[in-house]
Amino acid sequence: MLAAAMLAPGSTIGIMGGGQLGRMTALAAARLGYRCHVFADEADSPAAQVCCAATVGEFTDCKALACFASAVDIVTFEFENIPAEAVRRVAGLKPVLPRPEILEIAQDRLREKDFLRSIGVETTAYRKISDPAALARAMGDFSYPAVLKTVRLGYDGKGQVTLTPEIDIDEAWRRMGGEIGILEAFVDFSCEISVIVARGADGAWAAYPPVENRHVDHILDTTIAPARLPHEIATRAQVIARHIAERLDLVGVLAVEMFVTKGGEVLVNEIAPRPHNSGHWTIDACVTSQFEQLVRAVCGLPLGSVEHHSDAVMKNLLGSDVEKWRDALNDPLTKVHLYGKTEIQPGRKMGHLTRLVPHPVRQRAPPFRR
Ligand code: AMP
């Protein structure tokens, strides 16, 4: 269904997925006077704790999905691996933004890279791999190391194997764990960056500056914002992100993860049509956060400014790191965000810290016009 031109505050935004991204979206929506209703497959999810209403059900439960759709005015999603059928079913009942077709591209690493190449965006070399024999043949054309990833349902390094001459091909295939794989040439990058771009239904767009992402065990550990890059590369990264958002006809926010190679090339690794972990710094350091931009975009409001009034370093609190929250509060320039998760598991995203480096104040804010 097509979205109405503008959804007024007081309306209800449905959020599919109950994680921390949904939680932070709901908090931003509440500040603008919207209600949020979450659909999640677990009770007391991080998002449900801050929403007005929650439907708890499996994503395959058609009745629960219809009930959810009937209670909301518009729907967005916060999690990539929501079954496409569930999103399509809801889209038959209420407007879903970003459009479900975009989610389907991002859910499949092959479709994603094929799409990127089709619109002239550079990626690392890749090939579809259907079985171990095809992998052995492909390794004749790729050099070691190379990266084998599951095409679907991989995240935070899960379903991913780095191939070296010592690793047995059958063993690598088994460890990858997917039905279909994608073999990628290893990128010897100088840094990993991401750009978050917001785009409204009227085509207006705003891209945050690129940020630098450091991973530990394939999970995002630290984001340095903005990235320390030559101006030309930073601008190129923003232009690429905008181009992708436009060609997807995105309404919402899109995160574009990229590698900057030692030779200064910018290669896109993957896209996520939702707020992103590397954009959490925008809550505390920017005029408008990535979450507020999503709310503005899907509700048909004008986008806000992406200007940042502070530089920032965001550190994820993974697993038992969450216990650092008390110490962190002793630093007045550190903002503490906890996601309300009770069960600590190694590598689980429990919260994050944003340490701010405020820019010097150059001018006073102008008064509101009467
Ligand atoms: P992904 O699940 O594709 O985001 O991969 C997780 C992390 O693995 C990335 O952030 C990189 O650090 C690393 N990685 C993924 N693909 C490649 C590649 N082709 N070359 C080098 N490193 C990669």
Side-chain angles (χ1 to χ4, degrees), residues 19 21 79-81 103 105-117 121-129 135 138-139 141-165 167 172-173 175-196 210-225 227 229 237 240-241 244 254-281 314-316 318 346-349 352:
L21 300 173
F79 171 58
E80 230 123 291
N81 290 330
L103 182 66
I105 292 172
Q107 283 179 336
D108 182 314
R109 288 186 194 272
L110 268 170
R111 275 187 75 179
E112 181 178 64
K113 285 214 165 57
D114 288 347
F115 168 76
L116 292 169
R117 288 282 181 105
V121 170
E122 287 185 60
T123 69
T124 192
Y126 65 96
R127 189 174 295 175
K128 178 181 179 180
I129 304 287
L135 179 57
M139 279 318 294
D141 299 331
F142 283 66
S143 50
Y144 289 103
V147 185
L148 177 68
K149 300 176 183 176
T150 172
V151 163
R152 300 185 69 83
L153 300 175
Y155 65 98
D156 286 346
K158 293 188 178 74
Q160 185 170 319
V161 187
T162 302
L163 297 171
T164 57
I167 293 189
W173 181 261
R175 275 180 27 205
M176 180 268 293
E179 278 170 27
I180 308 277
I182 177 171
L183 179 65
E184 294 183 7
F186 185 85
V187 182
D188 186 20
F189 51 80
S190 66
C191 67
E192 290 188 73
I193 62 168
S194 53
V195 172
I196 292 171
V211 297
E212 191 176 323
N213 298 321
R214 304 243 173 108
H215 295 81
V216 175
D217 295 333
H218 298 286
I219 302 176
L220 182 65
D221 180 73
T222 305
T223 293
I224 300 164
L229 288 173
I240 292 170
I244 299 170
L254 178 81
V256 183
E257 293 183 38
M258 311 176 203
F259 299 121
V260 181
T261 68
K262 292 185 175 144
E265 285 171 298
V266 177
L267 305 178
V268 172
N269 179 33
E270 61 177 354
I271 59 173
R274 54 160 174 81
H276 192 259
N277 195 166
S278 67
H280 291 358
W281 71 287
M314 188 286 309
K315 173 106 179 71
N316 270 336
L318 302 173
R348 189 173 194 209
K349 291 175 180 168
H352 71 267

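One-based numbering, in listed order, for ligands and for the atoms of each. Please read all numbers here as calculations on a predicted model, not as lab measurements.
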(Q) Keeping Lys113 on the side-chain end and Asp108 on the backbone end, is there a donor-acceptor pair under 3.5 Å? (A) no
Q) Who's closest to atom 6 (C) of ligand 1 heavy-atom-wise, of Glu112, Arg109, Gln160? A) Gln160
**Q.** Closest to atom 11 (C) of ligand 1 (judged by heavy-atom distance), picking from Glu192, Met258, His215
**A.** Glu192
Q) Atom CG in Asn269, atom CD in Glu192: separation rounded to 0.5 Å? A) 7.0 Å
Q: Would you mind running through ligand 1 and noting each atom that sits below 4.0 Å from a heavy atom of Glu184?
A: 16 (N), 18 (C), 19 (N)
Q | Element-labelled atoms of ligand 1 that are located less than 4.0 Å from some non-hydrogen atom of Glu257 | A | 4 (O)
Q.
side chain to side chain contact (heavy atoms under 4.5 Å, CB included) for Arg117 and Tyr126? Distances and angles first, verdict last.
A. CA-CA 11 Å; Arg117 288 282 181 105; Tyr126 65 96; 3.8 Å; yes
Q) Taking only heavy atoms of Asn269, which atoms of ligand 1 are found under 4.0 Å from at least one of them? A) 1 (P), 3 (O), 4 (O)
Q | Under 3.5 Å: donor-acceptor pair, side chain of Glu112, backbone of Ile271 | A | yes
Q. Should the ring pair Phe259 and Phe189 be called parallel, tilted or perpendicular, given that the plane angle runs from 0 to 90° and is split at 30 and 60?
A. parallel
Q: Look only at interatomic distance and state if Val187 has a nitrogen or oxygen under 3.5 Å from any nitrogen or oxygen of ligand 1.
A: yes
Q: Quick one: pull up CZ in Arg214 and CG in Asn316 and give me the separation to the nearest 0.5 Å.
A: 14.0 Å
Q. Based purely on interatomic distance, does His218 place a nitrogen or oxygen under 3.5 Å from a nitrogen or oxygen of ligand 1?
A. yes
Q) How many angstroms lie between OG1 in Thr123 and CG in Leu116, if you round to the nearest 0.5 Å? A) 7.0 Å
Q) Backbone or side chain, does any N or O of Ala185 fall under 3.5 Å from an N or O of ligand 1? A) yes
Q: Taking only heavy atoms of Lys149 into account, list the atoms of ligand 1 that are under 4.0 Å away from them.
A: 3 (O), 15 (C), 16 (N)
